[in-house]
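Quick one: the structure is below, and I'll ask about it shortly.
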Number of protein chains: 2
Amino acid sequence: MQYFVAVAEERHFGRAAARLGISQPPLSRAIRLLERRLGTELLERTSRGVRLTTSGEVLLRESRAALDAVAAAERRTRRAAGAEPLVLVVKAGATGRAIAALLDAHASEPEAGPVRLEPCGVGEQVRWLHDGRADVAILHLPHDEMAGLEFVELSHEPQVALLADWHDHATRDAITVAEFDALRATLPEPRWPGADGVVPDGPGPAVRDHGQLQALVALGQTTWLAPASCRDVLRADIAAVPVRDAPPITTVLAWPAHGTSDAVAHLVATAMRHARTTRDAARGEAADTGSARTS
Amino acid sequence: MQYFVAVAEERHFGRAAARLGISQPPLSRAIRLLERRLGTELLERTSRGVRLTTSGEVLLRESRAALDAVAAAERRTRRAAGAEPLVLVVKAGATGRAIAALLDAHASEPEAGPVRLEPCGVGEQVRWLHDGRADVAILHLPHDEMAGLEFVELSHEPQVALLADWHDHATRDAITVAEFDALRATLPEPRWPGADGVVPDGPGPAVRDHGQLQALVALGQTTWLAPASCRDVLRADIAAVPVRDAPPITTVLAWPAHGTSDAVAHLVATAMRHARTTRDAARGEAADTGSARTS
DNA sequence: CGGGCCGATACCCGCCGGGTATCGGCGGCG
DNA sequence: CGCCGCCGATACCCGGCGGGTATCGGCCCG
C-alpha cells in the first residue's frame, strides 16, 4: 500500500522507487501483484507516466487512511512504552495565552501527567492526530477538518483583520466582511504550502509561516483574518481591526475518535472544567457548552 | 499486528495460533519481534497464559483501527473495481418504511447508482462502516457510537415502550421513564451478544435478534424501548406505548469521515433533500437541520 | 513429586521481496 | 522519416524472513 501511494502521488514509477529507496522493477512487480490480488487495474500506464483509474482513486484515499492508522499505532505504542508525555500539537505561532492558561490548569491537577507542546505547520495538526505524531490538538473551527475526531469547545471569539498600523482602516473600530474582501482584492493572494508541503506557483508572495505573513502585513502587502486572541502574538506594527459580520472562530481541543487513553481523557476533562469556569467568569452565564462532542 | 490482536484477544498463544491457522512457535517469534521493534514489553507472560501491559492495551486499540482501515481499503477498492452497488447497512429488523421512502427517492434520481441493502446484527453497523463492508449506514442516536463518522440527520422520533398487548400498561396513552424502569426491574435483563459475538452468561434469556426479542416481549418476559417508527415492523400481539420523558431517537445516515466517494455524496445529498421535504411536509416548518455534520 | 500445560528455543526449508541487466513501445526532435 | 531517449515490463538471481516440526524449561495442580 505504501508503494501504491508513492506511485499514485508521483505518477511515475521511477520517482516513486527513488522516494521509497528501492529500485524500479520490484516496484512495478509489487503494483502488478496488488492489481492481481484486488482483481482490477489501479493504474493506467502511458508512455509518459501513469494515471489513476477510478478504483485507483478509491485505493489511494483508503490507503492513506490505513497507512496513517498503522503509523499511529506504532507511534502511540512507542510513546506509551517510554512513559512519554502526551503530545499536544498547536499551529505554530498561534499559541495564545488561553492555551498557556489551560496547560497551567492541567498542570495543577493532582494526577495530571506531563504534556509536551509541539508546534506544526499551518493546518497540519489534523494530520498529526491521524498518524499518531500527536495525541491531542488545538484546532480552530470552521477552518480545520474535524472528520474522524472528537472535540470539546474551549472558546468562541470574533475575527479581526490584520492590517499595517499605518493603513487607512487601522484606526477604525470595526470593518465589515465586504470591506475586508474589497481590501484583499487589491492585494495579491499569498501562497501557502499545500498538503504536500510544496508552495504552488502564482503571482502572490510565498509564505511559509505566521512570521513571514506578519512581515507582509506590516509592509502593507497583504491582509489576513485571524481570531481576536492573536493580538497576544502580534508584532507592534500590526493593527487588529474587528470584522463585525465575520463568523466567529471556535477554538477546540480535539483528539482521535477511535479510542481514548486515560491521559487524554484526563486532559479533556480538565479542559472542559477550565473552559466552563473561564466562560462563567467572563460572562457570569450558565455554561451552555463544554460537553464533549463526537464528530 | 493481526497476530498481536489475536493473541491479545485470546490471551493465549496456542488458541491465537489456531485461530490464525498457523502453529504456535512462529507466532511467539512474531510477537517477540514486534516487541523488539517497538522497544517494549507488550505482553506479560504467565504460566497460565498471557496478560496485556499498558503499552499492549494501546497497541491493541490502535491495531484494531488500523486493521479495519486496511480491510476497508481492500473491500472498497474491490467494490469500486466491479462497479458494484453502494452498500447500505441497517440494523436487522429495523427497516421501517422511512428507509424505503428514502431509497425510493434515491432511485428516482436521474444519476443515482444502485444501492444494495444489507442487514446486520444489532449495533454492528459502525463496525461495517469502519472495516469497509458497508459504505453508508442507518444509525440511531444516541445509541450508536458516531466516532469517526460523518452523518446527516434524517428524522427525530419519540421512544415507545414495547409490551405484551395484554399488559396492564398496554392500553395507556403514555408512560414515564420511571414507570418503564420500574417495570423492567421486575423482569430479567435479556442477554445480547457482545462485540465479539458471544452471549455473556447471566440469568436473563439469551437474545440474538429482534425477532427473538419480540417473542419474549409478547410473552411478557421482557420489555424494551424503541423508536416510534418500529410500529411498522411489530407483531400484532405487541403494544407500543409512548414514553413521555424518554429522550428522542435521531435516525441518521452515516458514512466514514475520511473521504467520500461520489456515489456516497450523491446518496447523502438526496437524503438531505428528502429529509427536508418530508419534515416540511410533516410540520410546515422551515428545516432547521439537514446539513451534514462532521462528527 | 510427577505429569501436563504453556510459552520459548533450535533448526530447517521454501518463497517472497529485493537487486541488476535488458527489452518493448511511444514521443519528440533533428 | 528515422533515431534517440524516456518509461514501464520482463528475465533472472539471491538472501532473509515467515512458515513448519521437534524439543526444552518453568509453573501449577493433583
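Since the structure is predicted, the reported quantities are computational estimates derived from the model, not experimental observations. Here is how names work: the chains are called A, B, and so on, in the same order as the sequence lines, proteins then strands, and each is numbered from 1.
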NZ/NE/NH1/NH2 to OD/OE distance under 4.0 Å, B/Glu118 and B/Arg116: yes
Separation of A/Leu27 atom CG from D/dT10 atom C1', in whole Å? 15 Å
Measure CZ/A/Arg36 against P/D/dA9 and give the value in whole Å, please. 12 Å
For A/Arg15 and D/dC7, what is the distance between atoms CZ and C1' respectively, to the nearest whole Å? 11 Å
Given side chain to side chain contact (heavy atoms under 4.5 Å, CB included), test A/Asp135 with A/Arg79 step by step and report yes or no. CA-CA 10 Å; A/Asp135 300 301; A/Arg79 277 211 296 280; 2.7 Å; yes
Write down the distance between CZ (A/Phe13) and C1' (D/dT10), rounded to a whole number of angstrom. 13 Å
Can you check whether A/Arg45 has a side-chain N or O nearer than 4.0 Å to OP1 or OP2 of D/dC7? no
Below 4.0 angstrom, N of the basic side chain to O of the carboxylate: do A/Arg45 and A/Glu35 qualify? yes
Would you say B/Ser28 reaches C/dG7's phosphate, i.e. side-chain N/O to OP1/OP2 under 4.0 Å? no
Step by step, work out the side chain to side chain contact (heavy atoms under 4.5 Å, CB included) result for A/Arg15 and A/Glu9. CA-CA 10 Å; A/Arg15 283 194 299 272; A/Glu9 283 178 356; over 6 Å; no
Answer yes or no: is there an ion pair linking A/Arg51 with A/Glu44, defined by an N-O contact shorter than 4.0 Å? yes
Treat primed atoms plus P, OP1 and OP2 as sugar-phosphate and everything else as base, then score nucleotides 20-30 of chain D 5' to 3': B for base contact with protein heavy atoms under 4.0 Å, S for sugar-phosphate contact only, - for none. BBB----SS--
Interatomic distance where CD1 belongs to A/Ile31 and C1' belongs to D/dT10 [whole Å]: 16 Å
Terminal axis angle for the helix from C/dC1-D/dG30 to C/dG30-D/dC1, five pairs an end, nearest 10 degrees: 20°
Between CZ of B/Arg37 and C1' of D/dG18 the distance, given in whole Å, is 12 Å
Ignoring hydrogens and geometry beyond distance, is a side-chain donor-acceptor pair present between A/Thr77 and B/Ser55 at under 3.5 Å? no
In whole Å, what is the span from the CG atom of B/Leu43 to the C1' atom of C/dG7? 11 Å
Less than 3.5 Å apart, any donor N or O on the side chain of A/Thr53 or A/Glu57 sitting next to an acceptor on the other? no
Are the charged groups of A/Glu62 and B/Arg75 less than 4.0 angstrom apart, N to O? no
Between CG of B/Leu33 and C1' of D/dG16 the distance, given in whole Å, is 12 Å
Taking 4.0 angstrom as the limit, do A/Glu124 and A/Lys91 come out as a salt bridge? no
